[in-house]
Structures are given as C-alpha cells and as structure tokens.
Amino acid sequence: MGDNGDAGVCAMRSSCGMKGFKPLPCPYDGPPREPEGDDDRSLLVEVCGAEFASGPVCCSNDQVGALKSNFVQVEAFLASCPACRNNFRSFFCSFTCSPRQGMFVNVTATQESSSGQTAVKSADFFVTEEFGRGFYDSCKDVQFGVTNGYAMDFIGGGAKDYRAFFKFLGDEKPLGSPFQIDFPTTPPPEVSPYNAPPRNCYDNDLTSRCNCIDCSAICPTLPPVPLPNAGPTCVVGSLSCLSFILIITYSTAILGFLTGYAITTLRRHRREKSYERVALSEETASPRVHARGLVGAGSLSQYIEEDSLGAQSESRRLGRGAALLDPIITAQPRQYRLNNVVRKAFYHLGLFAANHAWLMFSIVFMIVGLLNLGWEKFAVETDPVRLWVAPDSESRLQKEYFDEHFGPFYRTEQIFVTAASSVAASSLNVTGTSITIGEKSPVLSWDRLKYWFDVEQEIRELESPGGFTLDDVCFKPAGPRGACVVQSVAAWYGNDLYDYDPNTWAGHLEDCAWNPVDCLPDFEQPLEPQFILGAVPVNDKGYNDYVKAEAFIVTYVVADSLDPHQQAIVTDWEVALREYLTELSERSGAEADLSVVFSTGVSLEEELNKSTNTDVRIVVLSYLAMFLYVSLTLGSGSATKDEDGVASSLTRWIRNLPKLFKRSTTSPDLSTDSRNVPTILPRLPRGLFVNSKVVLGLFGISLVLLSISTAVGLFSLLGVRVTLIIAEVIPFLVLAVGVDNVFILVHELDRQNTLHGPNAVPNSQGNYASPLSPTNSHRLAFDSAHADVDDGSLPVYLSAEERIARTMAKMGPSILLSTITETIAFALGALVPMPAVRNFALYAAGSVLINATLQVTVFISALSWDLRRVESNRVDCFPCIRLSSRIALPETSTNSSGLGWMARFIRRYYAPFLLNPVTKGGAMIVFIGAFITSIISIQHLQLGLDQRLALPSDSYLVPYFDSIDAYLDVGPPVYFVTKGLDVAGRAGQQALCGRFTTCQDFSLTNRLEAERKRPETSFINQPTASWIDNFLGWLNPVNDECCRVRKNDPSVFCTGRVSARLCRPCYEGREPGWNITMDGLPEDEEFMRYLKQWLASPTTAECSLAGKTAFGDALSFNADSSQVEASHFRTFHKPLKSQDDYINAFAAAHRIAEEISEETGAEVFPYSLFYVFFDQYAHIIGITQEVLGLGLASVIIVTALLLGSWRTATIVTGVVGMTVVSVMGIMPVWGVSLNALSLVNLVISLGISVEFCAHVARAFTSPSQTTVVGGTVATGRAEEQKERDERVHAALVDVGPSVLSGITFTKLIGMCVLALTRSKLLEIYYFRMWLTLIISGALHGLVLLPVVLSLAGGQSFPPGSDEEWMTSIIRNNDYEYA
C-alpha cells in the first residue's frame, strides 16, 4: 500500500461500496481535505467534537454519517460515563477522520466491493499502550443495568484487558466493523502510533468524570464488616478463647483434685494406723464399730444380738452421730403433704381401675371414640412454604408483598445434560462434594448438538393434556408477541443448525462464548456462557475451553401468576414436561450417550410430598420387635422361683429321654424328683404359659397406636394439619416413650406380688401369714387416719386389687413427674415458628400425654385382669384353659428378697462399685470432662438443612441439586425492594439513583455497587439493575432514538412508527437542559408522565434503555396510578454452593437493606426466592436458647414441686442439662446441623432425659420402707453421707432395673429400627440424635445422677406416718445389701 507515514497524509477516505449494510472505505494515500460545506463541518463537529472545528480531514461526509449511526447504537451503553464515551468517540473519529491518519493507520489489504470498486479489506491501527490501557480502564467498569451486566460485554465482548478490547473492536463481523482492523503491538520505525491523552473516569472535568457506579476509583470506602456468622474473633492458636479457658480450668481443677485426694489419702492412712493401735489396746468388742464404713451397714444390725443398754453405752462411747444406726432413737421422718396427696390420688385411681375395670374401659374408650371423630377433618399439609415457613415470618410477609406488587417470581424448568460415559480416573482435576468435575467426557459434539436441537423442538411442540404449549406459559419480556426466554446453547445458533456443519459449529460456539453480544437469542438479551455451560476446563494458555465443557444447561423461564386459573395452566404444562423429561432421561443414554437430570416447577412439591420415605415394613418391624421384647420381658419378672426355665427343662428332658428305653429295676417313690422321670414330651415350665404377658404387651402397644390416633383426631378437630414428618416419626417416638410406663408398672407389681402375693416371703419372725383368698375383702390402706401404709406393717398377703392400688401409689407420682415434664418439653417445641415443626411438637406432646393417661387408667384395669388370670393359673392368650396346680414344698429361704437377676446384680455389684469414693471421683471427672468437650464441640455446630435430605433417597431431584452445585456458576437473583418512597420528588430520586452527581453518596444504587466490590462479605457480585438511572438516561437527548415527542405538539409522544422528521428528543431545547446534576429533570406529575411512557416503550436496537422489557415489572403503582407505591432493584448473589453460603447470603442481604434504610430514610427489604426457607436461621440460636431455657425451668419447677426438694430438683435439672449438652456436642461429629428439626429433637432430648432421671430421683427422695433401714435425721457430715449412700443404693435397686430394661432398652429397640430407613432425613436427624440421646441419657441417669445425689442430694420423705415408719424400721429385716 506504500508508505503512509508522512504528516498530513491519509490512508483511506470516502466510501467504495457496501458490505452488508455498512460502507467500505477506499484506500487513499493523498492529503486530507476540507469538508465540502458548513453543514458537513457542523455534522463533523457534532459527531467528533470541537477539535475538528477547523482544518482538513481524511473522511467524507458519508463516513461521518456512518460514524454517527454507529455511535447512536453504543450511546445507551456509554452515555453514563463521559470519559468512556469521549474516549470511544475520539478513538474512532481519529481512526476515520484525523488529518494525521496516515501516521498510525496502514492499509494492508484491499478487496473488490459489490459496486466493483477497490475497497479496504484490512488495515493496521497502531495505538500506544498508554492510550490503550487508559481507554480500556475508562470503560471496563461502566455498567449496563438493563442486563445486570457491563457495557464492556457489548462494546468489547467482555474483554479483560485492552488488547482483547481492541481485538473485539477490530474484528470483521456483521454487527461490527465491515473490514478487519488489526492492532499490532510493535510499530515499524516510520510509524508514529496514536497517542492522544486518554480521559480518566476520576478526572474532575465534567467531560470526563463518571459516577461511582461506573468508576470505582471515586467511590467512598465502606467500613469493613465481618463475615456473617463468622467464627470467634478471640482465638488462642487453633482454639477459641472459650475453649482455651475451659481446658485450662478443667485441667487445673483435675490436677488440684488429684493432689488433694493424694494428700487426704496419705493423712487418712497415717491416722488409721494410729487408730488401730488405740483400738487394739482398748479391746473393743462391739461389731458395730467395724461395720460403720459400709454402704448398707444399717442392714447388718438385724443380725447383731445385743441389749438396749449395751447399745446406749456404745453410742455414748462413740460420740456424736453414732445413734444413726439405732432406728428407734433417730427416726424423725419429715412429711411432704403434696407427696401424700398425689400418692393417695393414684392409690384410689388404681383401686378404682382394678375394682371397676369394665366401667373404666367404658368411660375411657367413650372419650377416646369421641376424640377420634376429629378424623373427619383430617388434612395433610403439602405446600412447602406453608410447611417450612411461619405465617408471621418476616421473609414470608415480604414474599407475599413482593408477589402482590410485582407478581410471583418466575418458575424455572431446568435441565442439566452431561455425557453418560466417563473418562479415565487419571484425568480428574477437581473434586466436588457430590459430583467429581472432570470425571465425564466433554458433552458437546456435532451429533449430540443435532440430537439436542431435536429435543428442544419437541419441547416447543409439547402439548399438555389441556392443550397448552410452551408458548402459552413461557415468560416473554417483550410482551405477548415476543419470544420466550429459553437459555440454551441452541439460542446461540438461532435454534437452527442449517448454516453450520461438523467443521464450523465449534468455532461459532467459541465466538459466542467469548462475545455473547454477537449471538443474541431471539429474546434479545445477551446470553453469558456461565448460564448455559458448566465445568468449563482451562487450556494451556489459561483461557476457558468452552467446547470441552462437561455439561450444558437449558433453562425454560415460565411466567407465574397469582391467578388460580393461570396457575392451573402452568401446572398442566409442567406435569407434561416432567413426564417427557422423565422418559427422555431413560432413553437419552442409549440414543446419544447423554445423561439428563432435571427439575420442573412442580417437581419439588411433588417429591417432598411423596410417601416413599414412609417405609411400612420398617414401622411394622419396629412395632413387632417392641411387641416381642415387651411380651418376653414383662413375664420374666413373675416366674416361679423354684421352677426350671425353658432351657433347663429341655436339657433335663434330653438327659432323661434315654431312660424311656431302659428297663427300670426300681420303682419310683415319693423321694424321687418327678422332674427326673423320663417323658416322651418335655415338661415345659408353667411360667411359659401362665406368667407370660403376650396379651398384656400387645394391649400396651395397642394403646400407643390408639394414643396416636386420638391425638390426630383431637388436633384435626382443632385445625392443626398433619405433615409427613408426623406420619413418619411420631409412631417411633410414642412407641419408644410410651412403653416405658408399662415396664415400670409391671415391675413394681412383681415386687408387690413378691411381698404380698399368694407366694409371699414369710416375715422375719418366722411366722407365716394365713393364706387369704383373693376374693376375701381387703383392708383399705389409705383410711382416714393414715396417708399411706408401709409394706412391713400389713399382713403378708394382700388382694390383687390392693396390690394394684399400691403399685399405682408407688409408681404413679414418678409417671406423673416424667409425663408432665415430657409433655411440657415437647409442647415447648411449638414455640418454633416453623409450621411443620410446631405441628410435630403439638402432636408429640398430645400423643405422649394421651398415652400416659391411657396407661394409668385402662392399662391398670387390664393389668388387674392379667393378675387374676395368673393367680388362677390360666394360660396367656388362651385364658379359657386353666392349668392344674402342682404340689410343691415351701423351700424358699426366709432371707430371700425376691429380687430379679438385674436387681440382684445392681445390689451386689453395681451399686457398691458406683458408691465407692474412688468411683465417684472418677465418674465426676469423666462426666465433667465430657461436658467441657461437648461445649467445645458445640462451637463447631453448623446451621442449615440440605434440601436433598428432605427428598426421598431415590428422587430424581437429588442428582439435579448435585448438578447445580457442580455445574451452575450463577447465583440466585436478589431484589432490593423500596416501598412508601416518593420517587417523583427530587429527594426520593436522589435516595435511589447512582449516575448523577447529586445522588446521595450512599444511595441505594451506590451502596449496592459498593457492596458488589466486596462479594466475600456481601455475597453480591453483579451490577444492579437501577430503573431510576435507566429511566433518567432514557430522557437524555443524546439518545435521540429514545424519548421523543412531536415537534408540533410536545405533549404527544412519538412511537416507533412515526417518521423521525416529525419528532425530536424530549429534552431537546429544554432550559435547564438534561445534565448530570439532575437540575431540570422531571419531578412530580411530569415525572409520572414520562415514567409511564418509558415503561410502555419496548426495548430496541436503537434504544436499549427503554423500560418495557427490562423494567416492566420493577414498579408498582397505587390504585389510580398517580404515584409509585413500590419498586425493586435487581442484582445477583455470587454462586452459593453450601448451606453456609445461603445462610450468610441471607444475613448479608438483610444487613445491607437495614443500612440502606438507615442512611436514606427509605424502607428497604431484600427478597430472593430462597429467603423464606432460610429465615429461621436468623433466629434459630436465640430460639434454641429460649426453648431449652424454658424447658429446663419447667423441669426444675415441676421436679421441685413433685419431689419436695429444691436441692434434688436442681441436681436433676443439671443432669438433664448436661445430657442435652452432650447430645448437642455429638451433633457436629455426626454431621447433624442445627435447624428447626434438630431443635425439636433437642427439646425431645430434654423431655426424655427427665424420664431417665425422674424415677431414680423419686426413689431417692421417697424410698421404699422395705429397702431403707435407719432414720432420716443424721448428725454430722459423715453420717449424712452414709444416709445418702443408703438411699442411692436403695433407689438403684428399686428402680434401676425398670430404668434399664423398661426405658433404655425399649427406646433402643424402637430407635435402632430407624437405622434401616431409606430416608437420610430420618437417619441423620432422628436415628443419630435419638441414639445419642438414649445412650447419653442412660449414662447420665444411672451413673452421674446417683453419684451427685449421693454427694449432695436433698432430704428424703418417708411415705407413711411417724408410727408406721418407726414400726416398719423395727420389723424390717428382709432386705440386705451384701
């Protein structure tokens, strides 16, 4: 082309034909020329500025006109930032018209145009790096709010540096340059690169300075804020300060304890040696001296024969406190009136139930039947929002406000497509939590594209049963006649592959991915690659290799509505789409080697409401296992003592069987044991048939089911709906809790039968009571003179009714204590505002209360029937069959206690071991250490509930949510809603805007822009779509294709069909004119007039700032449309991958909204679709503290009232609290997060923990007179300690077996079956938590509680009057410890 380096020489000029709709310049190496006329000069100055007001130029008038048309197309993107706009204009005006053009432009190739002329084909444009960087920097942050994107996405293809920016500007393309412009980095010596001083966005010159939104350099700096829900700020190494202090304190305390114990032991050892020498010299003869240190020493006194004078002499010699072992001297019992009233009430209730069983059954079942009539109003709640969001939740109210004023959020039908085949494991590069990125081969290929284009065509043609198609339900931003929003790879190809082939498709996809503005879909919005391509690998040069993406994403945006009819239409089509995609996912692997996962608008609700998690087999197995355990265990305690068991009977039969085939030489006599006589069939023990409790156990479990049914009827009558969680969990919970009382009552009845039944043990004097008939009249124990009657003061034999009544009198208060605390604790779960959880808590509390009521009424009646059956030798299950009595000699030892094997083990081994001082100290150290460890662990407790856990394990939505985490790199949209703000007034406008100099420094838009620049704490990473800035920019007369009015009548707006010569820009010629100070911009009625026109103007290529498409639903007007009632500003969260991300994003958005409200005075709240489900986490910690605190308060109050001892109640409450803390400490270890479900389980843990403790505490406070020897008043610390040890020992023997077999084992059986469930939700939040609770509760109730009670327990209250208590002490000699 020759040397164009001389000054005043052009490289090209004028036009030599067209390419498409754009002119091609002619090569020209002559001198620049003056414009031909004043009009040409005026046009040049208008387009390129005052620097071209004089002198020759290298462009013609038609080139200037083309420049003007091109500038109009980009004006909407650049007008808000003068520096970028003027740099852009100067850049292309200099390239086209500069008189020094030949010094930095060199034509490198020519072509023949359509008119036959020689035109430029390519040219080099030499630009200095300084100008290139300055030009790019002035434009890189300029935002285009319509798309929540940047102007650089449109004018620079999303370039990340000035070289990529220049490349995009220079590439030949239909919507860009008609010829190729290259930008060499190394100019030849004869070239002088273009080096005009670039304008900076932060310059104070009004022709350069931009606003904060488009120029981060001038934005005010926000004060730092911590990450929402951040960890502790005070740390010592890797430990929080709290953990460090607890560890140091605990270690110091243990060290001090061990040191003190060693010193005390050493001193005692020396003192004992000295005492032994003194004792030997005095020749002490009394054996009581040697028995003082034994737990249960009082029981030894029954074997020591000495006169009263000797005893008094011994007491005087041993000093203060020695009289503790003399019951007559020291017995001074305390009485607790409420205790006596409760015992008396339960005694009469038991007596009535036993004597009038049919009447009790009639009354109770009539009430239960009436309550079950409530099933007529039975309803199941299935709506996820009504299930998981409180009606008065702030987020729910905000969602309802948003839906009412702006319409419901769009419904999305989303599909993830990946290759069905996998690559070798060696190629893996990134590992995610559920999907391994890089495991699958690239999804895109020519054949797969053709296959998927056919799929999308089938979806467009898909017709629902109601006759509706995608076109009837999709979201159309341009109006009813516009195109549907479908985000797909196919949109880059215009939904048609006709113009492409196996060699060109990949290049086009790369071009579209890098320059989305060049591949606009039919809905005219740029489609960024992160919306449609997932897991894009990076090549060797560090650039994304889009063709090798592992997944592509297809999203159909469907319009939602509050109109039920329109909702039905949408749902109808979505169901059809779900069926089609289900069928497609099954065949796509075979047809195209593709894996398809998806979700539709109806999918989540359908899957949440599926009952596949309710595995009927597991429920049946749980109840069957409990039935077998109850039936076998209940009968074991009442077996005949001298009768062989099943195993021994079979062994004896097998051993004697050969004798049948031998000839006997001797005849049997009376001395021969009949059990050794050989028989053809084994002689099974009678207890196997008579003493078993199969029917009773079945009845007890039936009461559990009946209590659940009654609770459902009651609460259905009250309008409380059932949820699937209730159906799945309540049967297990009530089964585990409800069977406990059955064991406790039956075990106590066995004890009463041992003491007062037909085979009762003879009394200490060796006199046998006359055997009274069960039909004889009984003696009422609670007469007018006595509140209770002890075991030892009555005849040995009592009638069945009396034994039933005494059983109720003994265990009724314990059942009352545990039932009240459990019911209150469960009911406190109703304080959790989430409806699903609140309803669960109410049903649980109601079921437990009803079940306990049935057990102390109709079960007692059934128990009395079963007792009569046993005593009349009738077979269980077949009561019509009566076995004959066997002749047996009374060989029972007079010292036998009648205790079961578990009680004997506790009496002989466990209790003495536990009450050993060394064991006590070790237990306290271990449990306090566990408590400290739990507190440290709780600090790592996470918040959240993965929605995948709430789905059936085989749901197709599980892989869909996995795909979102792995492949979707776009966060959810978030709207900042303003309401009650006068946007027509200047103050209201300045509180919202961001592109004008008089906007508030921290206006809503400016604040959101500032927060966008710190996404690590704001969780916002996209520009804000500001309707106020776009609207006022639409009025700018520079955008002469936007707001236009008729020249002859400015009150009439011009539409797109009106000829341009009849119209002018709205603000052309206004005084003051349009300016960035907002002076002269519309207000009040004029503002509303322009605003309505802006919202009615469709977005076009000539005016992209029009509001109909992008902001048509961003404003809500009052009833007469005279003012704006509410508006929203849209932005996006950064990609959220975990529950922590969602919770922190929710918290950050609300923090930002609150700060905007404080700074601007406007009422602002954030809204995103997921907020309603995460609102609970803003309050969950406070609610947890409140509910557990109230629960513990209720425990201490109820326990103190029913036990009559604040000290014991405080100990019980402390142990219960430690149990709950231990459960919370295990939660992080087992992957259990804190949410509404786990909170309710913690409340349940609190209630059930009381059950582990209540019976032991009750037995400690009100010990049985058959198990305690000695008085209740002790003098001296040592004597008090011994007295507490006695009561703890007695309590463990008395109720320990019931707690272990009736509470611990029953709960383990009921809960362990949950391990077989297919539901992760049930496994994690119920099986794991309840298993932890059962183990921890048993350890705390049977280990820690007895230890603490023995160290600091409160005083006891004997159940009888003074005379009876003293008499029973004197007569009692059938209990022993050793």
Side-chain angles (χ1 to χ4, degrees), residues 412-423 435 440-463 469-471 474 483-513 516 519-523 527-537 545-558 573-574 576-600 956 959-960 963-964 966-970:
T412 56
E413 332 294 325
Q414 197 165 55
I415 309 167
F416 287 86
V417 184
T418 58
S421 58
S422 301
V423 297
I435 293 179
K440 294 187 175 182
S441 58
V443 67
L444 295 171
S445 69
W446 173 249
D447 292 334
R448 286 172 176 169
L449 272 184
K450 290 193 299 181
Y451 176 82
W452 191 257
F453 273 54
D454 293 338
V455 169
E456 291 198 11
Q457 182 61 34
E458 292 175 0
I459 293 177
R460 283 192 291 271
E461 297 173 355
L462 180 66
E463 190 171 306
T469 64
L470 174 64
D471 190 66
C474 70
C484 295
V485 175
V486 180
Q487 298 174 339
S488 169
V489 171
W492 280 349
Y493 294 88
N495 298 315
D496 191 353
L497 289 175
Y498 180 78
D499 296 329
Y500 305 94
D501 57 45
N503 299 320
T504 59
W505 73 270
H508 179 76
L509 185 138
E510 285 281 0
D511 293 340
C512 291
C519 305
L520 291 178
D522 50 8
F523 56 91
L527 199 52
E528 299 292 335
Q530 62 265 30
F531 285 91
I532 57 177
L533 295 176
V536 178
D545 194 349
Y546 291 106
V547 175
K548 295 183 179 179
E550 189 173 316
F552 66 81
I553 307 156
V554 181
T555 305
Y556 293 87
V557 182
V558 174
W573 183 83
E574 286 177 335
L577 177 65
R578 189 248 302 149
E579 294 173 351
Y580 172 83
L581 292 177
T582 301
E583 185 264 340
L584 174 67
S585 64
E586 295 172 352
R587 61 180 169 86
S588 60
E591 294 177 349
D593 193 30
L594 291 176
S595 173
V596 176
V597 298
F598 66 92
S599 171
T600 67
Y956 63 85
Y960 166 75
S963 298
I964 287 181
Y967 300 130
L968 190 61
D969 200 28
V970 179

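- Formation of a donor-acceptor pair under 3.5 Å by the Tyr556 side chain with backbone atoms of Cys484 is not found in this model.
- Counting all heavy atoms, side chain and backbone alike, Asp522 lies closest to Ala483 at O-CB, 3.5 Å.
- Between the CD1 atom of Ile532 and the CG atom of Leu509 there is a distance of 7.0 Å, given to the nearest 0.5 Å.
- Minimum heavy-atom separation, Tyr498 to Asp496: N-OD1, 3.0 Å.
- With Thr555 contributing its side chain and Gln487 its backbone, the two residues share no donor-acceptor pair below 3.5 Å.
- Closest approach of Val486 and Ala491 over heavy atoms only: O-CB, 4.0 Å.
- How far OG of Ser963 is from CG of Leu968: 10.0 Å, rounded to the nearest 0.5 Å.
- Going from atom CD1 of Ile964 over to atom CZ of Phe416 covers 5.0 Å, rounded to the nearest 0.5 Å.
- Arg448 and Val443 get closest at one heavy-atom pair: CD-O, 3.0 Å.
- Contact record, Tyr580 with Ile459: CE2-CG1, 3.7 Å, taken as the closest heavy-atom pair.
- By the 4.5 Å heavy-atom criterion applied to side chains, Tyr956 and Leu581 are not counted as neighbours.
- Counting only heavy atoms from C-beta outward, the side chains of Ser595 and Lys440 approach each other to under 4.5 Å.
- Proximity of Val554 to Val455: side-chain heavy atoms (C-beta onward) are nowhere separated by under 4.5 Å.
- Side chains of Leu444 and Pro442 form no contact here, defined as non-hydrogen atoms less than 4.5 Å apart.
- Of the residues listed (Leu577, Leu470, Thr469), the one engaging Leu462 in a side-chain contact (heavy atoms from CB on, under 4.5 Å) is Leu577, and it is the only one.
- Residues Leu584 and Phe598 are not in side-chain contact: their nearest non-hydrogen atoms beyond the backbone lie 4.5 Å or more apart.
- Using a distance-only test at 3.5 Å, with no hydrogens or angles considered, no donor-acceptor pair links the side chain of Trp573 to the main chain of Cys474.
- Looking at heavy atoms from C-beta onward, Tyr546 lies out of side-chain contact with Asp511 at the 4.5 angstrom threshold.
- Not one N or O on the side chain of Thr412 forms a donor-acceptor pair closer than 3.5 Å with the backbone of Gln414.
- The aromatic rings of His508 and Tyr500 sit tilted, their planes meeting at an angle between 30° and 60°.
- What you find for Phe531 and Val970 is that their closest heavy atoms are CE2-CG1, 3.7 Å.
- Residues Trp452 and Val489 have side chains not in contact (no heavy-atom distance under 4.5 Å, counting atoms from C-beta outward).
- Taking 4.5 Å as the limit, some side-chain heavy atom of Asp545 sits within range of a side-chain heavy atom of Glu510.
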May I have the step-by-step check of side-chain contact (heavy atoms from CB on, under 4.5 Å) for Tyr493 and Cys512, ending in yes or no? CA-CA 9 Å; Tyr493 294 88; Cys512 291; over 6 Å; no

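- Annotation: the span from Lys548 atom NZ to Ser441 atom OG amounts to 12.0 Å, rounded to 0.5 Å.
- Rounded to the nearest 0.5 angstrom, Thr418 OG1 and Phe552 CZ are separated by 9.0 Å.
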